[in-house]
Participant: 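Okay, handing you the structure first.
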Amino acid sequence: MAVDLNSDVASGLYDAALATQTTAKSDKTTLSTEDFWTLIAAELKYQDMSNPMDNAAMMEQITQMSSMSTMNSMATAISNFSTVINNLSSVTLTTYSTGLLGREVTVVTKTDKDGKPTETIKGIVTGVDLTGATSVYVDGKKYELANIMAVGDVPGIDKDDTATDGDEKDESGESTDTTDKTDTDN
């Protein structure tokens with residue numbers, strides 16, 4: 001029995017295949033969700049009726065594609081979230097640094113080998129440089145924002161600022177006696 005390739009059926013299949021080929025995407029390295037569903041539909045449409053597609057295999061393919069689609073969505077969301085966090089961080093840093101304009105600050109000018117401040121200066125922030133690493137100008141000289149160790153007039157901390165024998169320091173630095181003064185004469 002010979003097959004007539006000039007039949008209407010063969011011609012229709014050829015035209016359908018040609019139409020699919022002309023609308024195909026040039027990126028052959030990835031399979032989009034739309035491509036996947038087109039492939040599944042073609043498999044179902046052209047499967048051999050005497051040997052149909054295995055339902056378990058088809059469900060496995062659908063599950064894998066769904067998982068990949070979800071992972072791609074999550075990757076996109078994480079990327080977008082990262083961009084938002086970076087933008088928010090930049091806005092916060094800009095707001096903080098410009099808020100220092102006209103304020104008195106204490107800036108570390110030298111540190112020892114352990115990174116502890118050895119020299120500081122006090123001055124008024126006269127400008128802010130937002131290009132690259134954020135810097136401030138204190139009395140006309142440029143310092144990195146990370147070198148600011150105090151804003152405003154901060155009182156020094158005594159080395160011996162610990163409370164002993166029931167004495168505690170209140171918010172003003174005054175000593176207060178916190179020993180138990182219950183009446184024991186009864």
Side-chain angles (χ1 to χ4, degrees), residues 1-103 105-108 111-117 125-138 142-152 154:
M1 174 183 206
V3 177
D4 182 14
L5 294 178
N6 292 324
S7 71
D8 290 336
V9 174
S11 177
L13 288 175
Y14 177 78
D15 290 340
L18 184 61
T20 304
Q21 291 174 356
T22 58
T23 60
K25 296 176 184 161
S26 62
D27 183 15
K28 296 177 181 159
T29 60
T30 60
L31 179 68
S32 70
T33 306
E34 184 178 320
D35 295 336
F36 173 76
W37 288 117
T38 302
L39 184 62
I40 289 289
E43 285 181 13
L44 290 172
K45 182 177 180 181
Y46 296 112
Q47 69 180 331
D48 183 9
M49 290 301 161
S50 63
N51 186 15
M53 182 182 211
D54 182 22
N55 288 343
M58 184 174 65
M59 289 307 294
E60 183 179 333
Q61 289 176 354
I62 291 172
T63 302
Q64 287 176 350
M65 191 60 187
S66 177
S67 295
M68 290 301 296
S69 178
T70 301
M71 288 172 48
N72 285 339
S73 296
M74 285 177 58
T76 302
I78 289 170
S79 175
N80 291 343
F81 183 71
S82 176
T83 302
V84 168
I85 292 297
N86 287 340
N87 290 343
L88 183 59
S89 176
S90 178
V91 167
T92 302
L93 187 61
T94 301
T95 303
Y96 172 72
S97 58
T98 56
L100 293 174
L101 285 168
R103 309 264 324 252
V105 295
T106 304
V107 180
V108 175
T111 58
D112 63 11
K113 63 180 178 176
D114 296 326
K116 294 182 181 178
V125 176
T126 57
V128 177
D129 183 4
L130 301 174
T131 59
T134 304
S135 304
V136 295
Y137 288 89
V138 177
K142 187 176 183 177
Y143 298 97
E144 289 185 32
L145 195 59
N147 289 348
I148 296 177
M149 62 182 280
V151 177
V154 178

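These numbers come from the heavy atoms of this one structure, side chains and all, not from hydrogens, waters or symmetry mates. Only a predicted model underlies this, so the values are computations on that prediction, with no experimental measurement involved. Just so you know, residue 1 is the first one in the sequence shown, and it goes up from there.
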Participant: Looking at Thr95 and Val91, would you say the former's side chain and the latter's main chain have a donor-acceptor pair under 3.5 Å?
Facilitator: yes

Participant: Decide yes or no for Thr111 and Lys116: does some side-chain heavy atom of the first lie under 4.5 Å from some side-chain heavy atom of the second?
Facilitator: no

Participant: Quick check: closest heavy atoms across Leu100 and Ile148, and the distance to 0.1 Å?
Facilitator: CD1-CD1, 3.5 Å

Participant: Answer whether the closest heavy-atom distance between the side chains of Val136 and Val105 falls below 4.5 Å.
Facilitator: no

Participant: How far apart are the closest heavy atoms of Phe36 and Gln61, and which atoms are they?
Facilitator: CZ-O, 3.4 Å

Participant: Would you say Ser69's side chain and Met65's backbone share a donor-acceptor pair under 3.5 angstrom?
Facilitator: no

Participant: Could you tell me if the side chain of Ser97 sits less than 4.5 Å from the side chain of Leu130, heavy atoms only?
Facilitator: yes

Participant: Taking the side chain from Ser89 and the backbone from Ile85, do they hold a donor-acceptor pair closer than 3.5 Å?
Facilitator: no

Participant: Report yes if some heavy atom in the side chain of Asn147 is under 4.5 Å from a heavy atom in the side chain of Glu144; otherwise report no.
Facilitator: yes

Participant: Is any side-chain heavy atom of Leu101 closer than 4.5 Å to one of Tyr137?
Facilitator: no

Participant: Could you list the residues that satisfy side-chain contact (heavy atoms from CB on, under 4.5 Å) with Met68, not counting sequence neighbours?
Facilitator: none

Participant: Please report the interatomic distance CG(Leu39) to CD(Glu34), rounded to the nearest 0.5 Å.
Facilitator: 12.5 Å

Participant: Are Thr134 and Asp129 packed together at the side-chain level, in the sense that at least one heavy-atom pair is separated by less than 4.5 angstrom?
Facilitator: no

Participant: To the nearest 0.5 Å, what is the distance between CG on Leu88 and CG on Leu93?
Facilitator: 11.0 Å

Participant: Show, in sequence, the C-alpha distance, side-chain angles and deciding distance for Phe81 and Asn86, and conclude whether the side chain to side chain contact (heavy atoms under 4.5 Å, CB included) test is met.
Facilitator: CA-CA 9 Å; Phe81 183 71; Asn86 287 340; over 6 Å; no

Participant: How far apart are the closest heavy atoms of Val138 and Val107, and which atoms are they?
Facilitator: CG2-CG2, 3.8 Å

Participant: Counting distance only, does the side-chain N/O of Ser82 pair as donor-acceptor with the main-chain N or O of Ile78 below 3.5 Å?
Facilitator: no

Participant: Would you find a donor on one side and an acceptor on the other, under 3.5 Å apart, between the side chain of Thr76 and the backbone of Asn72?
Facilitator: yes

